[in-house]
Asks: 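Dropping the structure in here first, questions after.
Because only heavy atoms are used, hydrogens play no part in the values below, and waters and symmetry mates are left out as well, while side chains stay in. Predicted, not measured: the structure shown is a model, and the values here were computed from it. Protein chains get the first letters and strands the later ones, always in sequence-line order, with residue 1 at the start of each.
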Amino acid sequence: MNYKDTINLPKTDFAMKADLVKREPELHRWWAEVDIYRAILNARRAAPKYVLHDGPPYANGEVHIGTGINKILKDIVVKYKTMRGFETPYVPGWDCHGQPIEHKVVTQLGRKAQTTPKAEIREMCKKYAESFIDIQRRQFKRLGVFGEWERPYLTFDPTYEASVLELFADLVEKGHVYRKLKPVHWCMSCRTALAEAELEYGDEKGPSIYVRFPLRTRVDKLFGVKLSDPGSVMIWTTTPWTLPANVATALHPQLNYALVKYESVALGRPETTIVAAPTVERVFGALGIKNFEVLGTAEGKALNGTEYTHPFINRTCPIVMADYVRVEDGTGCVHTAPGHGQEDYATGIEYNLPVLSPVDPDGRFTQEAEVFVGMNVFDADQKICKLLADNKTLLRQEEITHSYPHCWRCKKPVIFRATEQWFIAVDHANAREKALAQVAKTKWYPEWGEVRISGMLRERPDWCISRQRTWGVPIPAVYCQKCGKPFLTAENVRRTAAIFAKEGASAWFLQPASYFHSGGAKCEKCGGAEFRKEDDIFDVWFESGASHRAVVMKHEALSFPADLYLEGTDQHRGWFQLSLLPTVMSQGVAPFRAVLTHGFVVDEEGDKLSKSKAGGLLQAEELTDKYGADVLRLWTSSVNFTDDIPVSHKVIQERAEPYMKIRNTFRYLLGNLFDFDPTRHTVPLGQLHEIDRWALSRLQNLIRRVTSHYERFEFYRAYHDIYNFCVVEMSAFYLDIAKDRLYCSGADWTERRGVQTVLGTILDTLTRLVAPVLVHTAEEIWRNTSAHKKGSAAGSPGEVDSVHIATWPTVDPELVDVDLETRWDRLVKVRTDVLRELERLRKEKTIGSSLEANVTLHADDEKLYEFLKGYEKDLPMVFIVSNVKLGCGLLKGSTPGVEVQKLSILAKPSEHKRCERCWNRRDTVGKDTTHPALCARCVRAV
RNA sequence: GGGCGCGUAGCUCAGUUGGUUAGAGCACACGCUUGAUAAGCGUGGGGUCGGUGGUUCGAGUCCACUCGCGCCCA
């Protein structure tokens, strides 16, 4: 007789082979059919809300692994919170405006771009953005992310554009908005401002000059000498044309400066001048002056406030302090023109210096320059050198070649030119302090996020919100045609917002100024009645910073403030900060209650990813096509994402194995429950074997730990706990031991139904615990578990039966038994020692299968003996051997325990016959006449 | 150059208020099993805890410096 047919082997349709690439899209079809996102929300209609507000990715390019990780993490949070019983709407969005898209479109247009109307360019940009939204949406959905995919928020939607203006109107009303000069990269040939990304750096030949600025303040005492003349301070520059805008000279406060006496050919007498001490040799070498003498040195900060005379303009300027001053080139004394340089501008702000920009859009000097008015600035270089030489302030002039920015379009060198820009005042109405107070009230994950963003907020200058571009939301200001006075009122901004809500922001480019400016208004300054529209648009950060207004406050499913923002750490300066500031200014509170950040993807060596490097950026689609979304999600959940995230095919491939292990654990659970009906077969807790209660107690421990990890967004800890539970506690221990009872007991025996009772609970709980991460696999398991076998109701009748609507498991205190766990911890240690001894026998070829062995254990300790004695009849099952004998004292020829002291182990092959059915060696085999090949237990079973 | 982080086996992670020979899983090697079978089980090798110096009876853990890497600024 073939006894294999008489044992209860697992049966299931749940495939061992995952085949995720094929299976996941099938589930997606089902989810689409039942409208899973809507079904989940419907099931939570009465529940408290949990709002995760999506930071919009840029609508350009495909979804790469970094963007994919971000969306997966958000989805894990959303699915977890849903299971915790919250109504968890998720409205994804896209950042659609901005320079990169405009640049792409304008590049495609080539020369035609100059003559194409702005409204037309904007239409092309919109089409471009839409094409990538479609691609990215498909790729995000493929990851198993649920959300409002058919109604996402888009920053080019008229309602969104209107919201940006509504927010802006509040800020205008509260007095945060003002205009002032700021230097920008400027192409005088294209007559346009350029973004950093629009610059191309290349070598350029130009002048290099050393100039002395005559001092007005006497400094000799500072250097410990006495001189008859105040002397000078020496600067070096490669842009002589910026000298008309010079208003200061910057020195490093901690650097040593030398007072140098030298013979001046121009002056025909000795002169003293100041340069940084480390530069003396090099500078005077370059000047070709051999006779010089350092009279003394002084620290830079001692010279702070010293005054000098501008070399050719009637102007008195100060010496100021700046940390960026270097001594590698130049003199360590830096010519400072806040209208012509970024650092100069910052220094200008710090010292309240005037921002001079005596250059018109064509690059010609204006009246303000006082010299060479109307001349192109590059042409003026030589003239200015001549002027300096004539008034004896030029010490040296030569030609050098250096890296210089050029316009990406016309390839001509660009200049820094100060232009009027719109700003948001951070210190107005205590906004900075209020924002910092809100930061302190926000929960930051990880905690150092608070330190990081606070530091940035404390240091940040006013926010320049204007951009000289086309693809964005226009700044709705108008100017008096006659006198140029700008008009920006909350009323007009709100009027424009209403127009945008109906017609979209492109109306600004199609309609006249009068359409937006209240009729009959006259210029307060000159009485002019004609107005022109502002050309500038908003910084895209102002748009995304308005998402709380456009989305969280307006979308019917959401509520303000959001519970969570979740983005990369770069957004501490970006979206988090630039959402916080305007929200604090308009609403008085932060737009978020908590902020979670993740690190950046790096390569296997931990270096940043770059397109040029081998492999380049991994694309999400490439990974889902190769491994399946659940493997990608499992990998995402397994790393501590607050750090950098090393990513490669190898590390993701490595998660395919644990995925299979978890999958197989589920398959085994399902397989052994094929004939189990919980309503009829459940064995009460009191009748369960201790080891079954051990498994239930460990399961409670798992629930407790995993829940706490999810609450802290520490998914990698949940991954490790779940995985170790499957591998160590279930597969290698409990399930291995349970096989005999499952397979060989009679189908309906209590010992078998008891195990099944436990397996059913574990299956149900574990499916829920992995559902936020393994979204497809959990659903597949759920669908393979018929409704009546699930531990608790999935939802009300008529609802979609999805694991993602099910509720999160909670710890059942009745199932927790710490003492029992402690006892079994000890038994596991004994087991480890026994298995090591069995392995030794295997190596000697004495046994093969462990069931071939009998084990004798001796305890040289009374308490240990009593402990083992209490489990005597369970020990063969626990060790998976045929028989175990217990004894006291020492045992001849035995092996001492390693894990357990005072224990000695002796294993040898069993002398009994093998039961053909259960493979145990038993003395009862052969006793039965009908079934001579079976042991007594198996005779009963068949 | 500055601010904020990170650095424990090949990989992903544990390591309580400083306290014995630094743990787990995977990977690797060698076996067992063939009733979870493109599965399951066992045993084993592998780490100067980025480096140096210090505090201490004792440091992966505390302090200083240093190297490497990332994000954000300059």
Side-chain angles (χ1 to χ4, degrees), chain A residues 3-12 14 16-18 252 322-326 342-343 346 446-456 458-461 568-574 577 597-609 634-635 637-640 642-646 648 650-658 660-661 663-672 714 716-717 719-721 723-728 731-733 735-740 742-744 831-832 834-845 847-852 880 917-919:
Chain A
Y3 289 108
K4 184 168 175 175
D5 298 336
T6 72
I7 61 175
N8 316 296
L9 287 176
K11 277 180 215 157
T12 177
F14 185 77
M16 177 180 285
K17 189 167 187 302
H252 195 291
D323 287 336
Y324 54 78
V325 173
R326 292 283 165 271
Q342 220 69 273
E343 288 179 329
E447 284 176 8
W448 50 256
E450 179 179 350
V451 180
R452 187 167 155 93
I453 194 168
S454 299
M456 289 169 174
R458 240 174 252 122
E459 298 289 316
R460 72 149 302 137
T569 56
D570 54 335
Q571 303 303 342
H572 281 116
R573 176 167 295 272
Q577 190 199 177
T597 55
H598 55 78
F600 270 66
V601 287
V602 292
D603 67 18
E604 284 174 291
E605 279 77 47
D607 294 330
K608 82 193 270 172
L609 292 180
L634 187 66
W635 167 77
S637 83
S638 75
V639 295
N640 178 356
T642 58
D643 282 353
D644 299 334
I645 308 165
S648 64
K650 185 169 159 273
V651 296
I652 295 166
Q653 176 66 58
E654 275 172 1
R655 285 292 166 271
E657 183 64 30
M660 281 310 297
K661 184 79 192 186
R663 187 182 174 87
N664 264 316
T665 304
F666 277 112
R667 182 168 184 267
Y668 190 70
L669 294 171
L670 284 164
N672 280 297
E714 292 172 343
Y716 67 99
R717 290 181 189 265
Y719 162 81
H720 275 278
D721 281 352
Y723 186 57
N724 278 323
F725 180 80
C726 287
V727 173
V728 182
S731 191
F733 183 68
L735 297 180
D736 206 27
I737 288 170
K739 282 172 190 169
D740 181 75
L742 282 167
Y743 299 168
C744 303
R831 183 178 191 257
T832 304
V834 169
L835 293 186
R836 190 181 295 108
E837 182 60 9
L838 291 175
E839 184 65 19
R840 203 174 62 76
L841 263 62
R842 219 170 264 134
K843 282 261 150 69
E844 289 172 357
K845 303 280 179 199
I847 59 162
S849 158
S850 59
L851 283 175
E852 288 168 29
I880 318 184
R917 186 168 175 275
C918 72
W919 300 345

Asks: Paired with B:rC41 by Watson-Crick or G-U wobble geometry, both distances under 3.5 Å: which nucleotide is it?
Replies: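 Check on B:rC41: paired to B:rG31, both distances under 3.5 Å.
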
Asks: Quote, to the nearest angstrom, the P distance that separates B:rG3 from B:rA64.
Replies: 14 Å

Asks: At under 4.0 Å between heavy atoms, what does A:Gly455 touch on the DNA or RNA strands: base, sugar-phosphate, or nothing?
Replies: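 If one applies the 4.0 Å heavy-atom cut-off, A:Gly455 turns out to touch nothing in the nucleic acid.
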
Asks: With rounding to the closest Å, how many angstrom separate the P atoms on B:rG7 and B:rC63?
Replies: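 To the nearest whole Å, 14 Å.
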
Asks: Roughly how far apart, to the nearest Å, are B:rG58 and B:rC73 at atom P?
Replies: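 Each nucleotide's P atom is 47 Å from the other's.
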
Asks: In whole angstrom, give the distance that lies between atom CG of A:Asp570 and atom C1' of B:rC73.
Replies: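 That distance rounds to 13 Å.
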
Asks: Would you mind reporting whether A:Glu657 and A:Lys661 have side-chain heavy atoms less than 4.5 Å apart?
Replies: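 A side-chain contact under 4.5 Å is absent here.
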
Asks: Rounding to an integer number of angstrom, what distance separates B:rG47 and B:rG5 when you compare their P atoms?
Replies: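 Those two atoms are separated by 33 Å.
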
Asks: Is the shortest side-chain N/O distance from A:Arg667 to OP1 or OP2 of B:rU37 below 4.0 Å?
Replies: yes

Asks: Can you identify which nucleotide, out of B:rC69, B:rC72, B:rG35, has its nearest atom closest to the A:Asp607 side chain?
Replies: B:rC69

Asks: Take atom C1' in B:rA36 and the same atom in B:rU12, then report the distance between them in whole Å.
Replies: 26 Å

Asks: Roughly how far, to the nearest 0.5 Å, is CH2 of A:Trp448 from CD1 of A:Ile453?
Replies: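 So the CD1 of A:Ile453 and the CH2 of A:Trp448 are separated by 11.5 Å.
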
Asks: Contact class for A:Pro446 (heavy atom, under 4.0 Å): base, sugar-phosphate, or nothing?
Replies: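 The answer is nothing, as A:Pro446 stays clear of every strand by at least 4.0 Å.
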
Asks: Quick one: which of B:rC6, B:rC71, B:rU43 gets closest to the side chain of A:Lys608?
Replies: B:rC71

Asks: From B:rC72, B:rU12, B:rG10, pick the nucleotide closest to the side chain of A:Lys650?
Replies: B:rG10

Asks: Tell me what A:Trp635 touches on the nucleic acid: a base, only sugar-phosphate, or nothing, going by heavy atoms under 4.0 Å.
Replies: nothing

Asks: I'd like to check A:Tyr723 versus A:Val728 (side-chain heavy atoms, cut-off strictly below 4.5 Å). Are they in contact?
Replies: no

Asks: With the side chain of A:Met16 defined as its heavy atoms from C-beta on, choose the nearest nucleotide among B:rA38, B:rG31, B:rC6.
Replies: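 From the listed options, B:rA38 comes nearest.
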
Asks: Just the rounded figure in Å: distance from P of B:rU33 to OH of A:Tyr743.
Replies: 17 Å

Asks: Please give, in whole Å, the distance from B:rA36 P to A:Asn8 CG?
Replies: 13 Å

Asks: With both distances under 3.5 Å as the test, what is the Watson-Crick or G-U wobble partner of B:rA59?
Replies: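 Its partner: none found.
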
Asks: Report yes or no: is there a donor-acceptor pair, N or O only, under 3.5 Å between the side chain of A:Arg573 and the base of B:rC73?
Replies: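 Result: no qualifying N/O pair found.
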
Asks: Please classify the nucleic acid contact of A:Arg840 as base, sugar-phosphate, or nothing, using heavy-atom distances under 4.0 Å.
Replies: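 No contact.
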
Asks: Quick one: A:Leu835 CG to B:rG44 C1', roughly how many Å, whole number?
Replies: 14 Å

Asks: Does a side-chain heavy-atom distance below 4.5 Å link A:Leu669 with A:Leu735?
Replies: yes

Asks: Can you check the distance between B:rU52 and B:rU16, where both ends of the measurement are the P atom (answer in whole Å)?
Replies: 22 Å

Asks: Do NZ/NE/NH1/NH2 and the carboxylate oxygens of A:Glu839 and A:Arg842 come within less than 4.0 Å?
Replies: yes

Asks: With heavy atoms under 4.0 Å as the rule, sort A:Lys845 into base, sugar-phosphate or nothing.
Replies: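 Sugar-phosphate only.
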
Asks: With hydrogens left out and only the distance checked, is there a donor-acceptor pair under 3.5 Å joining A:Thr665's side chain and the base of B:rA36?
Replies: no

Asks: For a quick check of understanding: with a heavy-atom distance under 4.0 Å over all strands, which category does A:Ser731 fall into, base, sugar-phosphate or nothing?
Replies: base

Asks: Does A:Ser648 reach the side chain of A:Asp603, with side-chain heavy atoms less than 4.5 Å apart?
Replies: no

Asks: I want to verify a distance call: between B:rU43, B:rG1, B:rC4, whose nearest atom is closest to the A:Val451 side chain?
Replies: B:rC4

Asks: Please state whether the phosphate of B:rC71, meaning OP1 or OP2, lies under 4.0 angstrom from any side-chain nitrogen or oxygen of A:Arg452.
Replies: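 For A:Arg452, the contact criterion (side-chain N or O under 4.0 Å from OP1 or OP2 of B:rC71) is not met.
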
Asks: Using a heavy-atom cut-off of under 4.0 Å over every strand shown, decide if A:Arg917 touches base, sugar-phosphate, or nothing.
Replies: base

Asks: Which part of the nucleic acid, if any, lies within contact of A:Glu343, taking any heavy atom under 4.0 Å across all strands shown: a base, the sugar-phosphate backbone alone, or nothing?
Replies: sugar-phosphate

Asks: Rounded off to whole Å, could you give me the CG-to-P distance for the A:Asn640 and B:rG5 pair?
Replies: 15 Å

Asks: With heavy atoms under 4.0 Å as the rule, sort A:Asp736 into base, sugar-phosphate or nothing.
Replies: sugar-phosphate

Asks: Does NZ or CZ of A:Arg663 come closer than 6.0 Å to the centre of the six-membered ring of A:Phe14, within 45° of the ring's axis?
Replies: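 Judged by the rule (NZ or CZ under 6.0 Å from the ring centre, within 45° of its axis), A:Arg663 counts as positioned above A:Phe14.
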
Asks: Do A:Ile880 and A:Arg831 have side-chain heavy atoms sitting under 4.5 Å apart?
Replies: yes

Asks: Whole-Å distance between B:rG68 C1' and A:Glu605 CD?
Replies: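 Rounded to the whole Å, the gap is 13 Å.
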
Asks: Using a cut-off of 4.0 Å on non-hydrogen atoms, how would the nucleic acid contact of A:Gly671 be classed: base, sugar-phosphate, or nothing?
Replies: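 Nothing: the residue A:Gly671, judged by heavy atoms under 4.0 Å, touches no strand.
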
Asks: Mind checking A:Met660 for me? I need base, sugar-phosphate or nothing, with any heavy atom below 4.0 Å counting as a touch.
Replies: nothing

Asks: Would you please confirm or rule out a distance under 4.0 Å between OP1 or OP2 of B:rA14 and any side-chain N or O of A:Tyr716?
Replies: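 Answer yes for this pair, as a side-chain N or O of A:Tyr716 is under 4.0 Å from OP1 or OP2.
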
Asks: Sticking with atom P, work out how far B:rG46 lies from B:rU55, rounded to a whole angstrom.
Replies: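 That atom pair is separated by 33 Å.
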
Asks: Under the side chain to side chain donor-acceptor pair (under 3.5 Å) test against A:Gln577, which residue among A:His572, A:Gln571, A:Arg460, A:Arg452 passes?
Replies: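 Testing A:Gln577 for a side chain to side chain donor-acceptor pair (under 3.5 Å) against A:His572, A:Gln571, A:Arg460, A:Arg452 leaves exactly one candidate, A:Arg460.
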
Asks: Any side-chain N or O of A:Thr569 less than 4.0 Å from the OP1 or OP2 oxygen of B:rC72?
Replies: no

Asks: Taking the P atom in each of B:rC57 and B:rU66, what is the distance between them to the nearest angstrom?
Replies: 28 Å

Asks: Does A:Arg573 come within less than 4.0 Å of A:Asp570, counting only side-chain N to carboxylate O?
Replies: no

Asks: Flag the pair A:Trp635 / A:Val639 as yes when at least one side-chain heavy-atom distance between them is below 4.5 Å, and no otherwise.
Replies: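 SC-SC contact between A:Trp635 and A:Val639 confirmed.
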
Asks: Between A:Lys739 and B:rG35, is there a side-chain N or O to OP1/OP2 distance below 4.0 Å?
Replies: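 Negative; the distance criterion is not met.
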
Asks: Going 5' to 3' through nucleotides 22-30 of chain B, assign each nucleotide B (protein heavy atom under 4.0 Å from a base atom), S (under 4.0 Å only from sugar-phosphate atoms) or - (no protein heavy atom that close).
Replies: --SSSS--S

